[in-house]
Amino acid sequence: MNFTEIAKNRYSCRSYDTTRKVEDEKIKAILESAILSPSACNSQPYHFTVCKGEKAKEVAKATQSMGMNKFASDAPVMIVISEGNYNKTASIGAKMKGNDYRSIDIGIATAYLTAEASAQGLGTCILGWFDDKKIRKICGLDSAVRLVISLGYAKEGGVVPTKKRKAYDELVSEV
Ligand SMILES: Cc1cc2nc3c(=O)[nH]c(=O)nc-3n(C[C@H](O)[C@H](O)[C@H](O)COP(=O)(O)O)c2cc1C
C-alpha cells in the first residue's frame with residue numbers, strides 16, 4: 001500500500017478478532033515507525049507501554065465508562081502512550097512560544113503508529129477516553145497517559161465505518 005491507500009484504508013477498528021494473536025514482530029514494526037515520526041527539536045517526549053493478555057484487559061476496562069469503548073475488551077493488544085520529558089531546546093521553545101509541542105508530537109507519533117498498523121494489515125482505534133489514574137497504576141507509570149491505542153486483527157464481517165469528512169474547501173484555503 002502506498003501512503004494514499006493507507007490514508008484511505010485506515011479506520012477506527014471497533015471490532016476485533018479475539019482468536020487472532022498479533023505477532024510480536026508486527027508490534028515492533030509499528031512502534032519502530034512511530035519512533036521515526038518527527039518531533040519538536042527531535043525530543044520524542046513520549047513512552048509506549050505495550051499491554052497484552054490480562055494487562056490489555058485491565059487497560060481496556062480503564063477506557064470504559066459511560067458506555068464508551070466496550071469493544072476495547074476484545075483487542076488483544078493495548079498500547080498506552082504516556083508523556084516523556086522534553087529535551088532542553090524543546091522545553092525552552094515550548095515556554096517561549098507558548099506551544100504544547102508534547103501533545104503535537106504524541107499526535108504525530110500516533111498517526112505514524114496507526115498508519116503502520118494499517119500497512120501491516122492490523123486494525124487500531126485511538127482512545128482518548130480513559131481513566132489516567134487507573135492506567136498509570138496498571139502500567140506502573142508516573143507521568144500522564146495521553147492516548148491509548150487498541151490493536152488487533154479486525155473481525156471478519158465487522159463494521160467498517162464509511163469515511164465522513166468535512167469538505168476539502170472548508171478545511172483548505174489559499175491566500
Ligand atoms: C485524540 C482522539 C481520541 C479518540 N478517542 C476515541 C475514543 O475514546 N473512542 C472511540 O471509539 N474512538 C475514539 N477516537 C476515534 C475517532 O472517533 C475517529 O478517528 C474519527 O471518528 C474518524 O473516524 P476514522 O478513524 O474511522 O477515520 C479518537 C480519535 C482521536 C484522534
Side-chain angles (χ1 to χ4, degrees), residues 1-18 22 30-31 33-40 44-51 55-84 94 99-139 141 143-172:
M1 275 198 277
N2 64 31
F3 187 76
T4 309
E5 288 166 335
I6 292 170
K8 285 182 177 165
N9 275 312
R10 186 218 54 82
Y11 67 93
S12 292
C13 179
R14 298 188 178 91
S15 174
Y16 293 97
D17 185 341
T18 51
V22 179
I30 288 164
L31 292 167
S33 282
I35 286 165
L36 286 175
S37 65
S39 59
Q44 299 185 273
Y46 39 67
H47 184 80
F48 303 96
T49 307
V50 178
C51 307
K55 283 281 176 194
K57 299 270 178 245
E58 284 177 43
V59 169
K61 218 164 176 207
T63 69
Q64 295 162 342
S65 61
M66 298 174 76
M68 289 287 285
N69 299 331
K70 287 186 182 150
F71 63 89
S73 294
D74 288 337
V77 182
M78 300 290 280
I79 299 175
V80 173
I81 308 179
S82 53
E83 282 189 350
N99 207 338
D100 177 11
Y101 297 129
R102 191 151 38 195
S103 293
I104 297 168
D105 296 339
I106 286 171
I108 299 169
T110 300
Y112 272 51
L113 187 158
T114 53
E116 181 62 51
S118 243
Q120 298 282 344
L122 285 154
T124 54
C125 189
I126 302 166
L127 308 177
W129 182 272
F130 55 80
D131 186 320
D132 170 77
K133 256 196 194 157
K134 281 187 186 161
I135 297 182
R136 281 201 211 195
K137 200 166 174 214
I138 295 162
C139 297
L141 295 166
S143 66
V145 174
R146 300 308 301 274
L147 286 173
V148 178
I149 316 294
S150 58
L151 174 73
Y153 284 97
K155 191 177 183 172
E156 236 174 271
V159 180
V160 179
T162 27
K163 281 255 173 273
K164 278 191 231 141
R165 292 296 189 262
K166 291 179 182 172
Y168 181 90
D169 290 341
E170 201 185 323
L171 299 174
V172 183

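Quick note: numbers below take in every heavy atom, side chains included, and nothing from hydrogens, waters or symmetry partners. Order of listing sets the numbers, starting from 1, for every ligand and every atom in it.
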Trp129 CH2 to Met66 CE distance, which is reported to the nearest 0.5 Å: 5.0 Å
Measure the distance from atom 20 (C) of ligand 1 to every protein heavy atom, then report the residue, atom name and distance (to 0.1 Å) of the closest one. Ser12 OG, 4.6 Å
Among all protein non-hydrogen atoms, which one is nearest to atom 1 (C) of ligand 1, and what is the separation to 0.1 Å? Leu147 CD2, 3.8 Å
Run the numbers for me: atoms of ligand 1, each under 4.0 Å from some heavy atom of Tyr11, listed by number. 26 (O)
Under a 3.5 Å cutoff, is there a donor and acceptor pairing between the side chains of Tyr46 and Ser82? no
Mark up the atoms of ligand 1 that fall under 4.0 Å of a heavy atom belonging to Lys163, in ascending order. 24 (P), 26 (O), 27 (O)
Have a look at Leu127 and tell me which of Val59, Ile79, Asn69, Leu147 forms a side-chain contact (heavy atoms from CB on, under 4.5 Å) with it. Asn69
Looking only at protein heavy atoms, what sits closest to atom 4 (C) of ligand 1 is Ile126 O, 3.2 Å
Per-atom filter on ligand 1: closer than 4.0 angstrom to a heavy atom of Gly128 are 3 (C), 4 (C), 5 (N), 6 (C), 7 (C), 8 (O)
For Phe71, counting its heavy atoms only, list the atoms of ligand 1 lying under 4.0 Å from any of them. 11 (O)
For the atom pair CG (Asp17) and CG (Leu122), what is the distance rounded to the nearest 0.5 Å? 11.0 Å
Under a 3.5 Å distance rule, please check whether Asp105 uses its side chain to pair with a backbone N or O of Pro45 as donor and acceptor. no
Under a 3.5 Å distance rule, please check whether Thr114 uses its side chain to pair with a backbone N or O of Ala111 as donor and acceptor. yes
For Cys125, the ligand 1 atoms whose distance to one of its heavy atoms is below 4.0 Å: 10 (C), 11 (O), 12 (N)
Students should be able to answer this: which protein heavy-atom is nearest to atom 17 (O) of ligand 1, and at what distance? Arg14 NH2, 3.3 Å
Nearest-contact summary for atom 7 (C) of ligand 1 - protein heavy atom, Å: Asn69 OD1, 3.6 Å
Location of contacts on Arg165 toward ligand 1, heavy atoms closer than 4.0 Å: side chain
Contact with ligand 1 for Lys164, non-hydrogen, under 4.0 angstrom: no
Of all residues at least two apart in sequence or in a different chain, which pass the side-chain contact (heavy atoms from CB on, under 4.5 Å) check with Thr18? Asp74
Keeping Glu5 on the side-chain end and Asn2 on the backbone end, is there a donor-acceptor pair under 3.5 Å? yes
